[in-house]
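Here is the structure we will look at.
In what follows, chains carry the letters A, B, and so on, assigned in the order in which the sequence lines appear, proteins first and then strands, with residues in each chain numbered from 1.
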2 protein chains.
Amino acid sequence: MTAKRPKAPRGTSHPDTPADSGSSLDGRKIPAAVIKRLSLYARALQELERQQAEKVSSSELSRLLGFTSAQVRKDLAYFGQFGVPGFGYPVGDLRRNLRRILGTDRELQVALVGVGHLGTALLSYGGFTRQGFRIVCAFDKEVSAPRIGAAGIPVYHIDELEKRLAEHAIGFAILTVSSEAAQAVANRLIAAGISAILNFVPVRLQTPEHVKIHYVDLALEMESLSFYTR
Amino acid sequence: MTAKRPKAPRGTSHPDTPADSGSSLDGRKIPAAVIKRLSLYARALQELERQQAEKVSSSELSRLLGFTSAQVRKDLAYFGQFGVPGFGYPVGDLRRNLRRILGTDRELQVALVGVGHLGTALLSYGGFTRQGFRIVCAFDKEVSAPRIGAAGIPVYHIDELEKRLAEHAIGFAILTVSSEAAQAVANRLIAAGISAILNFVPVRLQTPEHVKIHYVDLALEMESLSFYTR
DNA sequence: TAGATTGTTAATCGATTAACAATC
DNA sequence: TAGATTGTTAATCGATTAACAATC
């Protein structure tokens with residue numbers, strides 16, 4: 001008996017949708033921000049390991065990354081007791097643990113959909129590969145016959161999507177299609193059993209609970225920067 | 001009289017660096033998250049304007065974007081009174097106001113430094129242009145003579161950085177160089193008077209207070225997605 | 001006027017930080 | 001042991017949400 005909600009979009013049928021953030025791990029709720037920092041810790045640890053450091057304290061880590069030491073300790077404590085009081089954290093051990101927690105200790109199979117300018121660049125972008133993400137294949141609607149694209153990655157016609165995803169047991173997709181195609185392609189990915197999408201399309205997508213989606217919105221990043229420069 | 005801090009990095013000399021977030025506008029502190037949402041409102045309004053909508057309520061906007069209506073009203077109220085009680089917000093007016101507030105009502109001159117895979121893609125990425133950002137020129141250390149790069153944008157040798165930035169009154173930079181070069185290039189950009197950097201390099205940069213910097217870390221986005229898929 | 005929706009204050013929720021007992 | 005640093009609880013801070021008087 002509140003408002004009348006003229007044309008509610010599919011899925012959300014509530015008057016107000018509170019923002020979700022974070023996911024649970026064996027009961028406790030882990031804030032999304034913690035996960036992002038976990039990746040940063042893992043990266044810093046990688047560098048420390050390269051420098052043959054044996055141990056690191058929460059305050060050293062915090063200085064390296066610009067957080068407080070309490071935050072470092074608290075973040076890590078979500079997942080277990082990795083430190084030694086009076087000593088700090090063993091670098092190699094902690095790094096191994098973080099990689100296991102993040103799931104980056106094994107290679108992850110990824111598909112990319114939409115081989116335009118941005119898609120092509122991401123195919124050859126070294127940053128993903130370096131962190132253990134393997135873009136196995138790509139799809140585009142403009143490709144008539146399979147061809148080899150940037151970085152030697154095969155590009156198939158979008159019609160082969162379901163077949164190839166199953167073939168390579170791909171659980172991850174990078175979405176770089178047009179705004180118009182985004183929802184339809186996402187639906188197909190989800191139906192094909194994908195579990196996470198990294199979405200570069202500036203469109204809010206309807207996805208079921210169990211599919212995790214992250215938005216990377218380049219124009220939005222620029223716009224908010226723009227605000228600060230006056 | 002706490003820890004001894006062996007080798008403190010330049011710049012930060014405090015034991016713990018609390019995370020900044022947000023910036024002030026005539027006294028009041030505006031959370032960074034508000035600014036991001038402002039961009040989303042502006043974009044939704046653009047679409048509503050295209051559909052010839054004359055008015056929009058906070059609850060319609062909230063449904064479109066997945067927030068609560070209270071949040072929409074509160075965010076907008078930071079900057080003024082744009083709505084009419086019992087009616088809603090006039091679409092065109094609100095959009096104009098938001099664009100003015102974000103600074104996207106005028107074209108913004110941008111330089112891109114580091115014309116590798118990612119850099120090249122961003123040169124031809126339509127998303128920036130569409131939102132009024134104009135990549136005026138690019139720089140790379142591997143370019144001996146000026147040449148025309150992707151999307152017809154001139155690419156100069158990095159040595160011409162200072163000269164060209166001044167020439168075109170560029171206040172914005174996109175950073176897509178290597179991790180090794182990042183800090184040095186950032187220093188030059190800052191010395192040349194740039195006021196904001198969109199940084200794609202996965203390295204924490206030391207920047208003075210008055211230079212705004214945003215990090216876009218693609219590998220990190222993937223890694224945190226990876227966490228949720230087990 | 002009656003109905004709807006704003007702008008804003010107060011209540012709630014969640015995340016960050018400080019502090020310190022436990023412990024190596 | 002003395003010194004250092006963890007893991008964790010309590011205090012603080014900030015952001016989101018609910019509620020409602022003001023107002024078109």
Base-paired stretches in DNA chain C with three or more consecutive Watson-Crick or G-U pairs, both distances under 3.5 Å, amount to C:3-24 with D:3-24
For the side chain of [X], starting at C-beta, report the closest nucleotide among [options].
{"X": "Pro85(B)", "options": "dT17(D), dT8(D), dT23(D)", "value": "dT23(D)"}
{"X": "Ala70(A)", "options": "dA15(D), dT17(C), dT9(C)", "value": "dT17(C)"}
{"X": "Ala33(B)", "options": "dT16(D), dT23(C), dT8(D)", "value": "dT16(D)"}

Hey, does the side chain of [X] come within less than 4.0 Å of [N]'s phosphate (OP1/OP2), counting only N and O?
{"X": "Ser58(B)", "N": "dT5(C)", "value": "no"}
{"X": "Arg73(A)", "N": "dC20(C)", "value": "no"}
{"X": "Gln71(A)", "N": "dA18(C)", "value": "no"}
{"X": "Tyr89(A)", "N": "dG7(D)", "value": "yes"}
{"X": "Gln81(A)", "N": "dT23(C)", "value": "no"}
{"X": "Thr68(B)", "N": "dT16(D)", "value": "no"}
{"X": "Tyr78(B)", "N": "dT16(D)", "value": "no"}

DNA chain C nearest-nucleotide lookup for Val34(A) and Gly86(A): closer to the 5′ end is Val34(A)
Would you say the side chains of Asp75(B) and Gln71(B) form a donor-acceptor pair under 3.5 Å? no
Subject >> Heavy atoms of other groups near Glu54(A) CD, more than 12 under 6.0 Å >> reply: no
Do Arg96(A) and Phe82(A) have side chains that get closer than 4.5 Å, going by heavy atoms?
no
